[in-house]
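Have a look at the structure below before the remarks.
For this chain, numbers begin at 1 and follow the sequence in order.
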Amino acid sequence: MGGDLGAKGEVFRSSGSVVIGTIGLAMVALVVVLGVVEQGSGFPLWGYALCGFLATLIWAAILRPRIRVAGEDLELRGFLDTVTVPLAAVSGVVVHQVAAVRVGERRYVSAAVNRTFRQSARELRGKGRPGAPPSYGSMVENRIRKRADDARAQRGIPADSDEQWALGDEVRRTWAWPEIALLAGFALVVVVTGVL
């Protein structure tokens, strides 16, 4: 679980996804190494391309997603895109199966941080163990909410005001072109070499 504070800002993502993604990449790398070592076994070109596709998919779906507070912005890095939201524009945040950030009437989600149904229900009922720390998802939710409140206070923008709603126009989406190109390229090689 991350919450690194430093030059990169504050980064949040599930440590479980890092472990699972790393194991997945290691398994794909092992298959590639075995294919190279066993040259005489006839490991096909489409097999290498499929391994490249799977490695890129594991990176994009499991390891790439994260939530980052960078200066006055909140970045929601997803599977194939990054949504950048001015912190002062955030009017609500909730973490359940995904983290959802509300900006005006729009909702942006990130799968980088979540809270299980059981954790959510327990925390909503207030039936956690006395003195037990909140779940990671709850901590992230509260941290982002505080950072958004601080950003609005610093700019002198009241909550739920027209000024705050106007900041929603500054939300930007950028596509992860390297990942998109790799997925398309490897898929094309698998189809072309697998068919021939």
Side-chain angles (χ1 to χ4, degrees), residues 1-22 56-117 119-124 133-181 183:
M1 297 178 208
D4 308 324
L5 190 57
K8 292 183 176 180
E10 201 167 6
V11 178
F12 305 104
R13 71 173 165 193
S14 168
S15 61
S17 64
V18 174
V19 171
I20 291 169
T22 303
T56 306
L57 190 63
I58 290 167
W59 162 258
I62 300 174
L63 294 172
R64 186 179 190 282
R66 70 175 183 209
I67 299 173
R68 181 169 82 116
V69 176
E72 295 184 357
D73 291 327
L74 178 68
E75 293 178 357
L76 304 171
R77 194 162 126 173
F79 177 53
L80 293 176
D81 68 348
T82 300
V83 175
T84 305
V85 177
L87 271 168
V90 174
S91 56
V93 59
V94 65
V95 176
H96 289 298
Q97 283 74 28
V98 294
V101 174
R102 193 165 45 91
V103 177
E105 294 180 354
R106 292 188 176 181
R107 183 175 174 258
Y108 302 96
V109 297
S110 172
V113 177
N114 63 16
R115 193 166 28 175
T116 66
F117 179 76
Q119 289 171 328
S120 296
R122 191 176 299 146
E123 289 173 357
L124 287 172
S135 68
Y136 182 65
S138 179
M139 187 275 299
V140 170
E141 182 180 296
N142 292 330
R143 188 73 187 129
I144 293 172
R145 190 176 292 123
K146 169 126 178 49
R147 295 291 295 259
D149 291 344
D150 291 347
R152 276 193 307 278
Q154 186 175 358
R155 288 184 176 199
I157 298 173
D160 295 322
S161 66
D162 290 338
E163 289 177 271
Q164 181 185 10
W165 283 58
L167 288 173
D169 295 336
E170 296 178 23
V171 174
R172 302 179 310 278
R173 180 183 307 270
T174 53
W175 295 100
W177 291 114
E179 287 86 350
I180 292 169
L183 287 170

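Rounding to the nearest 0.5 angstrom, the gap separating the CZ atom in Arg147 from the CD atom in Glu72 is 10.5 Å. Ser17 OG to Arg66 CZ: the interatomic distance, rounded to the nearest 0.5 Å, is 12.0 Å. For the atom pair Thr56 OG1 and Leu63 CG, the distance stands at 11.5 Å (nearest 0.5 Å). The distance from the CZ atom of Arg145 to the CG atom of Asp150 is 13.0 Å, given to the nearest 0.5 Å.
Panel note: side chain Glu163, backbone Ile157; no donor-acceptor pair is recorded below 3.5 Å. Side-chain atoms of Arg115 come within 3.5 Å of backbone N or O of Val95 as a donor-acceptor pair. Distance alone, capped at 3.5 Å, is enough to place a donor-acceptor pair between the Gln164 side chain and the Asp160 backbone.
The shortest non-hydrogen separation linking Pro65 to Trp59 is CD-O, 4.4 Å. In terms of heavy atoms, Ile67 sits closest to Ser110 at CG1-OG, 3.6 Å. Of all heavy-atom pairs spanning Gly21 and Ile58, the tightest one is O-CG2, 3.5 Å. Across all their heavy atoms, Phe12 and Ala112 have their closest contact at O-CB, 4.1 Å.
Proximity of Trp165 to Glu105: side-chain heavy atoms (C-beta onward) are separated by under 4.5 Å at one or more points. Using a 4.5 Å cut-off on side-chain heavy atoms (C-beta onward), Leu74 and Tyr108 make no contact. Counting only heavy atoms from C-beta outward, the side chains of Val69 and Arg143 never approach each other to under 4.5 Å.
Counting non-hydrogen atoms of other residues, nucleotides and ligands closer than 6.0 Å to CZ of Arg155 gives a total above 12.
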Donor-acceptor pairs are to be reported for all side-chain atoms of residues 80-89 against protein atoms at under 3.5 Å, with residues two or more places apart or in another chain.
from: Asp81; atom 1: OD2; to: Arg173; atom 2: NH1; distance (Å): 2.2
from: Thr82; atom 1: OG1; to: Arg64; atom 2: NH2; distance (Å): 3.3

One pair to check against salt bridge (charged side-chain N to carboxylate O under 4.0 Å, His left out): Asp149 and Lys146. What are the steps and the verdict?
CA-CA 5 Å; Asp149 291 344; Lys146 169 126 178 49; over 6 Å; no
